[in-house]
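Below, chain A is the first sequence line, B the second, and so on; all start at residue 1.
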Protein chains: 2
Amino acid sequence: MASLLTKVRHTINRYGLLDRGDKVVVGVSGGPDSLALLYCLLELREEFGISLHVAHLNHLLRGEEAAREAAFVSRLAEDLGLPATVEARDVRAYREERRLSLEEAAREVRYAFLREVAVRVGARKIAVGHQADDQAETVLLNLLRGSGLEGLKAMVPCREGVIRPLLFVGRAEIEAYCREKGLNPCCDRTNWDTVYRRNKVRHELLPLLARRFNPAVVPTLARTAAILAEENELLEDLTRQALARAVRQKDASLLRLDREVLLALAPALRRRALRAAAAEVGGAAEFEHVEALGEILRKGAGAVTLPGGVRARVGGKEIIFLRRGAGGEAVPPFSHPLRVPGLTPLPEIERAIRAEVVPPPARPLAPPEEAWLDWGKIRGPLTARSWRPGDRFRPLGMKGSKKLQDLFVDAGIPVTERRRLPVVVAGENIIWVAGVRIAEDFKITPATREALHLVLEGGEG
Amino acid sequence: MASLLTKVRHTINRYGLLDRGDKVVVGVSGGPDSLALLYCLLELREEFGISLHVAHLNHLLRGEEAAREAAFVSRLAEDLGLPATVEARDVRAYREERRLSLEEAAREVRYAFLREVAVRVGARKIAVGHQADDQAETVLLNLLRGSGLEGLKAMVPCREGVIRPLLFVGRAEIEAYCREKGLNPCCDRTNWDTVYRRNKVRHELLPLLARRFNPAVVPTLARTAAILAEENELLEDLTRQALARAVRQKDASLLRLDREVLLALAPALRRRALRAAAAEVGGAAEFEHVEALGEILRKGAGAVTLPGGVRARVGGKEIIFLRRGAGGEAVPPFSHPLRVPGLTPLPEIERAIRAEVVPPPARPLAPPEEAWLDWGKIRGPLTARSWRPGDRFRPLGMKGSKKLQDLFVDAGIPVTERRRLPVVVAGENIIWVAGVRIAEDFKITPATREALHLVLEGGEG
């Protein structure tokens, strides 16, 4: 069997982890994996022409013990004549601020720390000690969680400067290496990832699989992950390209995609494009949602509500992903310049207004969610905003002006719904209370040469 | 929770399993899955406008019991007023003939039977009773075996006329459906797939995963497989296209691919293309082989021996996959017309001869594996063949002719190697004993206007 050093060298070469002249920040917890990583890189330092910088973070989660580990790593770096950065950060505080699991919080704080150290010392690479058993555990956890290729690919040998030279080396080999080199790890591996599910995989599932099914289950899963990582990367690239071809309009809270382009994609890409589209506006799409999106896309009509406050709607030649504003039920006041022609997202109410200038229709009758107005009479910038106390205008068919509040009462629109009906303003004048009435002064007449056609989109139904 | 019938209807619609007017051969073992399948399709018969034909195969593996099951299915079909084909075939004999596992043999015989029945009765579809638990088992088995996406995708809802309407329905739901409909399955599910590993997955692993990790592990894995199947299909399409672009020459036993085209591919496609290339000439390529192939491709030189008697070699701008003939060490006599210009594979000796007609070189010296000959003097069809007792010619630099046998002795070439050196013949004349000597009568002279340049390719080293 190839020695640990040979395997690490192969991984470095195969995935191009190191370039001559690289400075590498090595994340060292003091556990066996990171110690083996550090000593390996020391052994390979001249061969690859790299220099090393040790980094250790005390997560302030385990008191005394953690302080001892930090001291251990400091002393070790000194003994090895390596520069080191040892710091402490409050993971618990960060966690509460962000509402994360402890594991997620620890990971985010740790990577942020490692990146900061890299910037400070001018390092291009960050090496971490993840090994094949970690990888196999991650594959199984993600499989059992139901993630597709994105999860099954697990950790990659190299991404955004973070390298994992031990990714194809198993725990047993690392322990043998530590013994052989006389290394004395000061903490066990579970310190950073003490997660119930992961420990169940580590201590129950993987041993069972090795005993009853495949003694080489760890390297087998690690290799599977490596293959799937490359396949996932390709599919991600293709998805990005496909999505770019389909985009008709893009905003922080709105994404309009061409339906035909999506329908022409291979099913796998269509599925990924729909997931990616939901993510673009801050939503999420699990299996069932993607299936539902695929269905409305095929049918050419319908809407789906997605987690993350996003609603997708298919109409005619497009599918629109729209994020509703923060705050859920209580709609905050809003005001957006109206695009003419175009679609103006009103994320606060999870809707949008489409505007176009066209020849006037013969019979300008319209459902409440549409308006036909005389474009020639409209002056000043157009705005779509929520109603304000004191708003008034002359509704279609009336002699005098009226307060919007009274109009709402007459139309039987409950207070909670009033903020959900945008008011379209031209300069100082209200020209349309969407869903209710247009203004008398801007209606279409036989003299109208050009009409502004407005449609309030994205309602239920 | 949706009823079984609703789920089956959804699967049929989602994957387009049935077209109006389809006749469907339903494989019925008599176990709960196939009974539920049959009754479901009966319930949906009018809705989808299909007709049914029952098919049952006695594998002759379980004597009396199997005969009772066959009788049960016959009677059932009669009671339901459905046409049926019930036959018996000797799986054990087939297995011995083909050197398969019992499971593989049973599957091959069964599908062959179902396809024959379909042809006989004019059916376009074959429905089989695989369900979500089977699928989850297959995903886990393939994962533990180390297969990539090809295995993780497991069974697909529809391929080549075989449909699996129960693929997203779990075992428990099927059992509930059978109880509800008063169906009395006559055999358990393990009859056809009594395999030690699968039973371990069924009775140990899946229950553990459901209990300790995810109660919905079966539907989770079934959905994962459905997603991965679509992604795998896309990657297979892309691989086929990429391979087609890379092919320079293709034979049953030889495949020449353009190195630059392969190097320009995304890593995932390059990996798949290399695997597919090996398969095209009857070889196989596991993870390590693909890695090794990738490496010689990058380096631009080297060779890799693959399972299935295939050797791949990179030289200059191409990679060549060559299958050696059957029989291994003992080389059978061979004779192949020589392509000029072109590459002539000599699969019996795992090598090839490249021929081109070019201006003669100034100094026609060549290593033993190359020959420069006077194209103007060459008459008759060119052949590359193994030497024959009695072969003789005039070697370069000699006055008289000589038996090849003597030439081999003089050159110290052992008897076992002589058949490995092809002899190139033009009409009746030997013009080159590859690896040893050209014929005096065909050498390049100052009068030569065009030269035939031959290179024996694909040796060790």
Side-chain angles (χ1 to χ4, degrees), chain A residues 10 13-15 136 139-152 196-197 200-201 204-205 208-210 212-214 216-217 219-238 265-272 275 286-288 290-291 294-295 298, chain B residues 10 13-15 136 139-152 196-197 200-201 204-205 208-210 212-214 216-217 219-235 237-239 265-272 275 286-288 290-291 294-295 298:
Chain A
H10 180 77
N13 285 323
R14 168 72 176 80
Y15 293 97
V139 170
L140 288 171
L141 279 168
N142 288 343
L143 179 74
L144 294 170
R145 191 177 285 146
S147 79
L149 218 47
E150 300 87 340
L152 292 176
Y196 183 55
R197 282 170 62 88
K200 279 197 296 183
V201 169
E204 292 180 35
L205 184 55
L208 172 89
L209 295 176
R212 299 284 288 155
F213 292 96
N214 180 354
V217 62
T220 297
L221 293 179
R223 281 189 324 211
T224 299
I227 295 174
L228 298 184
E230 292 182 342
E231 307 204 320
N232 189 57
E233 196 171 317
L234 172 61
L235 291 170
E236 277 179 351
D237 280 351
L238 294 172
L265 295 176
L269 283 190
R270 193 186 311 139
R271 168 187 298 281
R272 282 179 174 250
R275 288 195 65 184
E286 300 300 322
F287 183 83
E288 297 77 5
V290 176
E291 288 287 300
E295 201 159 318
R298 271 191 297 276
Chain B
H10 180 77
N13 285 325
R14 169 71 175 80
Y15 293 97
V139 170
L140 288 171
L141 278 168
N142 288 343
L143 179 74
L144 294 170
R145 192 178 284 147
S147 79
L149 219 47
E150 299 88 339
L152 293 176
Y196 183 56
R197 280 171 65 89
K200 279 196 299 182
V201 170
E204 293 180 33
L205 186 53
L208 172 90
L209 295 177
R212 299 284 287 155
F213 292 95
N214 180 355
V217 62
T220 298
L221 292 180
R223 284 189 322 213
T224 299
I227 296 174
L228 298 185
E230 292 181 342
E231 307 204 319
N232 188 58
E233 196 171 318
L234 172 61
L235 291 170
D237 280 351
L238 295 172
T239 303
L265 296 175
L269 284 189
R270 194 185 311 139
R271 171 187 296 281
R272 281 179 175 251
R275 286 194 67 183
E286 302 299 323
F287 183 81
E288 298 78 5
V290 176
E291 288 288 298
E295 200 160 319
R298 272 190 297 277

Given B:Leu152, B:Leu209, B:Val217, B:Leu221, the one that forms side chain to side chain contact (heavy atoms under 4.5 Å, CB included) with A:Leu143 = B:Leu221

Atom group of A:Leu234 that falls short of 4.5 Å from chain B, counting heavy atoms = side chain

Minimum-distance pair of heavy atoms, taken over all atoms of B:Leu149 and A:Glu231 = CD2-OE1, 3.3 Å

Residues in salt bridge (charged side-chain N to carboxylate O under 4.0 Å, His left out) with A:Glu236, at least two apart?
-> none

Greatest number of non-hydrogen atom pairs under 4.5 angstrom with chain B, of A:Thr224, A:Leu144, A:Asn214, falls to A:Leu144

Count the heavy-atom pairs under 4.5 Å between each of A:Arg145, A:Arg272, A:Glu233 and chain B, then report the option with the highest count.
-> A:Arg272

First locate atom CG of A:Leu205, then atom CZ of B:Phe213, and finally report the distance between them rounded to the nearest 0.5 Å.
-> 5.0 Å

Highest number of heavy-atom pairs under 4.5 Å with chain A: which of B:Asn232, B:Thr220, B:Ile227?
-> B:Ile227

Measuring heavy-atom distances to chain B, does A:Glu286 have an atom under 4.5 Å in its side chain, in its backbone, in both, or in neither?
-> neither

Set of residues satisfying side-chain hydrogen bond (donor to acceptor under 3.5 Å, both in side chains) with respect to B:Arg298, sequence neighbours excluded | none

What is the distance from atom CG of A:Leu228 to atom CG of B:Leu228, rounded to the nearest 0.5 Å?
-> 8.0 Å

Salt bridge or not for A:Glu288 and B:Arg223, using N-O below 4.0 Å?
-> yes

